[in-house]
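So the structure is just underneath, and the comments pick up after that.
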Amino acid sequence: MEESCGKCTPCREGVRHLYDILTDISGGRGREGDVELLESMSRAIMDGSICGLGQTAPVPLLSTIRYFRDEFDAHIRDKKCPAGVCKELVTYWIVEEKCPGCSLCLRVCPTDSIIGSKKVAHKILTENCIHCGACEDVCKFGAVVHG
Amino acid sequence: MTVKRLTSPEDLAAWRGRIGPPYKQDRVTFVVSNGTCGQAAGSMDVLYDVHEAIEKLGAVELADIRATGCHGFCAIEPLILVQPAGVLYPKVKSDDVRAIVEASLRGEVLEKKVYKDTDGARYARESELPYYRKQNLMISGPSRWVDPLDIETYVAGGGYDSLVKAFAMGGQAVIDEAKAAGLRGRGGGGFLAARKWQSVRDAHGEPKYLLCNADEGDPGAYMDRALLEGNPHLVIEGMIIAAHAIGATQGYVYVRHEYPVAVKNLTAAIKQAREADLLGKNILGSGHDFDINVSRGGGAFVCGESTALMASIEGKPGEPRPKYVHTAESGLWGKPSNLNNVETFANVPWIVANGAASYAKIGTDTSKGTKIFSLVGKVNHTGLIEVPMGTTLREIVEDIGGGVPDGRSFKAVQTGGPSGGCLPADRLDMPVGFDKLWDAGTIMGSGGMIVMDDHNCMVDIAR
Amino acid sequence: MTTVSVSIDGRQLDVPYDARVLDIAREQGITIPTMCEHEHLKPYGVCRVCLVEMRQGRRKKLVPACVYTFREPVEIFTDSEWVRETRKWILAFMLARSPREKSNSGHGGGARRGRAARQAQGNRRGQP
């Protein structure tokens, strides 16, 4: 997206719109019809751009829609990211049986969203969680999981 | 190194006779892959260590050291290839160098340091590696023995012979040969090179320009860099042949600014070629003039687009212009101009040397020859691979790439770099080629190939 | 003077070699919307508002009427479905940047701009 030279309208403006809509979808703000919107815009960008950059810029998007439509639907309808990549769509929780209560995660949590005391399994308060993943990175027991 | 001025094809042959074979048979040659990727992995230290080990062992008379460009198998850098035995030592550590050198000088193989595949099997000879088994290194192969800073290593392997042959054939015959071979541009568009050449040859206006696009902009694709760094004379020879075919007298190589090693090696190679009269006036006594300048890129992805590239060489902002007047008629400075990319030029000497018929035998109906891909992402063996067109994605990802690491499962492969599309697992048996990929909704592009596993989110990738 | 046999919107014409599509269309009273085109400037071909459909045998593509010139016998369609759909998107992309488009400023809106583009497109429907 940053590579457009800015000379012609569809590449300069259109690709920005594609990016904005995709950001919304991966942030759980996608709506029904967004995929069709993306497809229609992509065609105009490919047909209307001067050079190969604009003419191929939507290719990755169109191919992922073609082969991985279900993942788009999962993001838009179920507000889920099946691969667990889109931070805003994943939830983190602690598997009680695996958590010895070492309190390491409790200390690294930037929003103090983990409660519990030493030697007692901890718990993540999902409403305050910002999905940063710091607790999962720091856990030595594999007790923090996301999905 | 003394290069004699070559005034005839016989001079070239005589020079090759004096140089001898690429490796001296009575000496051990330690080849170290020393491209940008190799240097990043520590090949400069390895070179130094090999040098030191040879001196300490008092074997200066028995051994040679050669620093080459990238060998392709990036995952095992830094490496030492012992020639003429062909034994490969991957991921060499400083402490192991002495033992490797000692064993090699005795003519032995240091078994415990040779390549171990993901399944645990060991392979001592480079040629036995599963990574190379399905490849056809007809274009990138010589990079494994050519020292880019020494023209003699290129000449020793038959270098500049194609040029002699091309001069004897005549320009139109070269175009006809490229046409019969079905050579398509490797830069991404896939246009028939011969058709472009023909229109520039037929265009009115002097002088004509020949441009080489080395503004490889795709992140993750670096075959052009590897070719320029590792075997600049191959590109230069290809350019001289193409220039002869279209009647160009001046060439430019547009190298992106981020490739300092490529610029250095190419500049050195051009200098050596000039000293040998392979560039300049009256090349090899043929009466043809051609010279090459190196132009450093403006640093934008879009500068790889032909009209933007020409504007950039002229010193204007690198923006494309609508090209309804073809650059073949009015390109650089309004003169007939022909632009091909590095890999396309690198194919030319092979076609001239071996003939269109042998070239056309490799590949598929509409895509001939080989293609160099850069295989990266979630795959065990990352690196540059050269495969015949028509090789399936499965062979590339599983056989050559060694599959997806960490027990994860394959999800998609994105071909053609960031502007390319993603193909799912059920398309893995598709043979690669310009048209096949296009039909499947993606592009050949410049040959980037990014493998993704089940931990990649496709919506995020598209973004 | 060499001429080329072409057609614009079904009208068969012999036009001078290298004549601009836009000029010929104007002579014929066919309106092609333009934006970056101006009589005192050299044609630049970047706003893409003047895109028209060019057909030659089975080959067809959109070309800007302000820089595309007749050099071969081609058919031009200035108001085909393809032209209209693409042109609407291009206008929509521009309108989404206009000062009155509130969703344009600040962040957090994300795709609102994209939707604004679609809205703008809807508003323009029927007005080429």
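Below, all heavy atoms of this structure are taken into account, side chains as well, without hydrogens, waters or symmetry copies.
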- Message: Other residues, nucleotides and ligands only: do more than 12 of their heavy atoms fall within 6.0 Å of NZ on A:Lys87?
- Response: yes

- Message: If you compare all heavy atoms of A:Pro10 against all heavy atoms of C:Phe93, which two are closest, and at what distance to 0.1 Å?
- Response: CA-CD1, 4.1 Å

- Rounded to the nearest 0.5 Å, how far does SG of C:Cys47 lie from NZ of A:Lys7? 12.5 Å

- Enclosure of A:Glu96 CD (heavy-atom neighbours >12, cutoff 6.0 Å): no

- Tell me, side chain or backbone of C:Leu51 under 4.5 Å from chain A's heavy atoms, or both, or neither? side chain

- Task: Verify the neighbour count for atom NZ of A:Lys79: are there more than 12 heavy atoms of other residues, nucleotides or ligands below 6.0 Å?
- Result: yes

- Item | Part of A:Ile45 lying under 4.5 Å from any heavy atom of chain C | side chain

- Rounded to the nearest 0.5 Å, the CG atom of A:Asp47 sits from the CD atom of C:Glu53 at a distance of 9.5 Å

- Query: At their closest point, which heavy atom of A:Gly48 faces which heavy atom of C:Arg48, and how far apart are they?
  - Reply: O-NE, 2.6 Å

- Message: Within the structure provided, determine whether A:Thr9 and C:Val46 are in side-chain contact (heavy-atom separation under 4.5 Å).
- Response: no

- Message: What's the separation between atom CD1 in C:Ile90 and atom CD in A:Glu13, rounded to the nearest 0.5 Å?
- Response: 11.0 Å

